[in-house]
Amino acid sequence: MERSFRSGKETECPQRPGLRSRFIRPGRLHQQPRECARQPPGLPGRSLPLRAWEIRRPDERALSIPEKFQSQGACGNGESDRKYRRSHGLSPDPAAHRGFRYRGGARGRCGAQKIKPVNRPSSPVRVRFAPSPTGYLHVGGARTALFDWLFARKRNGTFILRIEDTDVERSSEDMTRGILEAMTWLGLHWDEGPYYQSKRLDFYRETAQRLVKEGYAYQDEGAIRFRVPEGKVTYKDAVFGEITVESDTIENFVLLRSDSNPTYHLSVVVDDIDMRISHVIRGADHISNTPKQILLYRALGASLPVFAHLPLILGPDKTRLSKRHGATSVMAYQEQGIVPEALRNFLALLGWAPGTDQELFNDEELNHAFSLQGISKANAVFNQDKLAWFNAQYLSRLEHEKLVRYLKPEFMKAGLWRDSLEKEESAWFKSLIDLLRPRAKVLQDFPRQSRLFLDPNIEYDPAAVEKFLKDPKIKENLQGLASRLESLPEFTLQSTEAAVRGFADELGIKAGALINASRVALTGQSVAPGIFDVMTLMGREKTVARLRI
RNA sequence: GUCCCGUUCGUCUAGCCCGGUCUAGGACACAGCCCUUUCAAGGCUGCAGCACGGGUUCGAAUCCCGUACGGGACGCCA
């Protein structure tokens, strides 16, 4: 096919008999019957089982995980997600059920015409995030988890969390806890799991033995290796298009270590089959692992899931994001005062774009806009500045109740919290927060800038005092202003402004001079929110007192 | 080294599959202006990019080939 194109010979389109043209390129042949391009290779029956073998034990029902393999804690909260969907009236995306659509393949080449249209309802969407608890959840992992989660939501599927802790040496429970905590903080709720591979060890061992018995693997000094067959492995990545690897570049890899623990390749494939994973969405660092795993799927007689690899997140120096680049842990961002909504929005746009100019997405909008087609192939650099911008955007538009929930611990840390702030003083507190919103970059900015309202003592910035309060005459004027404000019938934004401007007029000085001096007297700083906002929020009594310094 | 993949403003990206509508659009950052009592926020304007070389074509950011550069994988890590 490709040959004939290159040589410019006439070709007949197999999909449209009679249509002959040298301009038909392989990639275009299947254009008309769209279904064939959308048909994933992984549907039941599409694979080439070398030997049929059900991995499941006879007494197990589909999808069920033996109780002893399940986690103790009831960490999954599928119920809340179901509720979420119901309450948001989310119906299955109509497109979701027409089957999966591939992006254009590797330039000009496309093997999809070999796939015949199959009229079969698509299998349920089940995706998993499978971190290894050898470290905290970093932003790269979080982005992967987010895309998995988004895809599951979008297609009304199930999001599964699986802990890949087969490396006993390097895995730790603390790390697992940290990962769960980070995902919860980010709002990435899983419907199933967490499943622990360390509790399914026998399962993998059994499978490895099976493969040996059937000739797909062999013993090698206590370990079990997979026997890589000759030929080549080709698969269609939902993001990268067709990827082909010659088998002789793949060595006979280990399935079971000599300590009888499974390696990643074995456990991941066994579990993905067992858990009926329909779409494997993971980092692009797994692209070269995929052919090995496909070989395993074949040996186990299982059909393939759709593979979708995500471009990597790089540091500013364009190398893979690591500790060298500073904060990479999700929880480090929480500590920095980043709200989860902002991180999520930012992460969603790293390696994915909606195709429109929209940048700010609420949950529902993101859900609606997300699709595998918008994922780019090129690695992305993590841009702190843009994250900061997203955070500022969210700080200025988050619902008040939610913001207060994030803020309370910060006010406590700063020693500025008092319960009346969410009781008697709640209305006042809300105006304070609203005043600070457009100025806040991180959560900590709120207590920081609230101090002058909440703490009876204020600190004066010497430079500001020097600049605006040095003149004895200005102090005198502030005294006069204090008396003026004291006798105001009401103390509002309008009345204070009128009083200040009127007084400045009478004194024959610029209002600005009076305002600048007042700012320092009231706040101790030369930088603060609008002075009339400050006065009204501070209240008449305190304002008058501070003006009479 | 071998294999796989990628390459549009400094950064995130739209456009690429289906070549003309692209004097390449948006956002962050940066600069200037406006608003203004300071600082923000907001509004407006500006700066800046199709890696390179061939080819195909009347026409290429878009299709093809090559080069360079970058990334990933080559573990009894995941």
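Every value quoted in this text rests on a predicted model; they were computed, and no experiment measured them.
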Does [X] reach a base, just sugar-phosphate, or nothing at all? Heavy atoms under 4.0 Å.
| X | result |
| --- | --- |
| A/Ser526 | base |
| A/Ala378 | sugar-phosphate |
| A/Gly530 | base |
| A/Asn383 | base |
| A/Thr244 | sugar-phosphate |
| A/Arg437 | nothing |
| A/His309 | nothing |

Whole angstroms only, please: what is the [atom1]-[atom2] distance between [X] and [N]?
| X | N | atom1 | atom2 | answer |
| --- | --- | --- | --- | --- |
| A/Ile531 | B/A40 | CD1 | C1' | 15 Å |
| A/Lys386 | B/C12 | NZ | P | 10 Å |
| A/Asp434 | B/A40 | CG | C1' | 15 Å |
| A/Leu350 | B/C28 | CG | P | 15 Å |
| A/Ile250 | B/G75 | CD1 | P | 12 Å |
| A/Glu251 | B/C74 | CD | P | 10 Å |
| A/Leu436 | B/C39 | CG | C1' | 12 Å |
| A/Asn379 | B/G6 | CG | P | 11 Å |

Flag side-chain contact, heavy atom, 4.5 Å: [X] against [Y]:
| X | Y | result |
| --- | --- | --- |
| A/Leu507 | A/Asn477 | yes |
| A/Asp237 | A/Lys377 | no |
| A/Ile224 | A/Gln209 | yes |
| A/Asn516 | A/Arg519 | yes |

Watson-Crick or G-U counterpart of [N], or none if no pair lies under 3.5 Å:
| N | answer |
| --- | --- |
| B/C17 | none |
| B/U2 | B/A73 |
| B/U7 | B/A68 |
| B/C33 | B/G43 |

Pairwise [atom1] distance for [N] and [M], with rounding to whole Å:
| N | M | atom1 | answer |
| --- | --- | --- | --- |
| B/C16 | B/G10 | C1' | 24 Å |
| B/U56 | B/G49 | P | 29 Å |
| B/C9 | B/A51 | C1' | 14 Å |
| B/G26 | B/G46 | P | 10 Å |

Check the phosphate of [N] against [X], side-chain N and O only, distance under 4.0 Å to OP1 or OP2. Yes or no?
| X | N | value |
| --- | --- | --- |
| A/Thr166 | B/A78 | yes |
| A/Arg225 | B/G75 | no |
| A/Lys292 | B/A73 | no |
| A/Arg501 | B/U37 | yes |
| A/Gln393 | B/A40 | no |
| A/Arg257 | B/C77 | yes |
| A/Lys467 | B/U38 | no |
| A/Lys377 | B/G6 | yes |
| A/Arg170 | B/A78 | no |

Which nucleotide wins on minimum distance to the side chain of [X], given the candidates [options]?
| X | options | value |
| --- | --- | --- |
| A/Lys441 | B/A40, B/A78, B/G72 | B/A40 |
| A/Val527 | B/U38, B/U11, B/A29 | B/U38 |
| A/Arg439 | B/A40, B/G25, B/A14 | B/A40 |
| A/Phe240 | B/U11, B/A27, B/C5 | B/C5 |
| A/Lys318 | B/U11, B/U13, B/A78 | B/U11 |

Heavy-atom donor-acceptor pair, [X] side chain to [Y] backbone, under 3.5 Å:
| X | Y | value |
| --- | --- | --- |
| A/Arg320 | A/Leu314 | no |
| A/Arg205 | A/Ser260 | yes |
| A/Asp461 | A/Ser526 | no |
| A/Asn345 | A/Glu359 | yes |

### Task
Let me know, please, whether A/Asp220 or A/Thr319 comes out on the 5' side of the other along RNA chain B by nearest nucleotide.
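Result of the comparison: A/Thr319.
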### Message
With nearest nucleotide decided by heavy atoms, which residue, A/Pro438 or A/Ser258, maps closer to the 5′ end of RNA chain B?
### Response
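That would be A/Pro438.
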### Message
If you apply the rule side chain to side chain contact (heavy atoms under 4.5 Å, CB included), what do you find for A/Ile281 with A/Leu372, and how did you get there?
### Response
CA-CA 10 Å; A/Ile281 303 171; A/Leu372 253 31; 4.3 Å; yes
### Task
Give, ordered by number, those residues of residues 511-523 of chain A having at least one heavy-atom distance below 4.0 Å to an atom of RNA chain B; if nothing qualifies, reply none.
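Hits under 4.0 Å, by residue number: A/Ile515, A/Asn516, A/Arg519.
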### Message
Run the ring pair (Phe, Tyr, Trp, His ring centres under 6.0 Å) test on A/Phe370 and A/Trp352 for me, step by step, so that the C-alpha distance in whole Å, both residues' side-chain angles and the decisive distance to 0.1 Å come before the verdict.
### Response
CA-CA 8 Å; A/Phe370 185 79; A/Trp352 171 81; 5.5 Å; yes
#### Entry: Ring centre gap for A/Phe382 and A/His138 strictly below 6.0 Å
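No: the rings miss the under 6.0 Å criterion.
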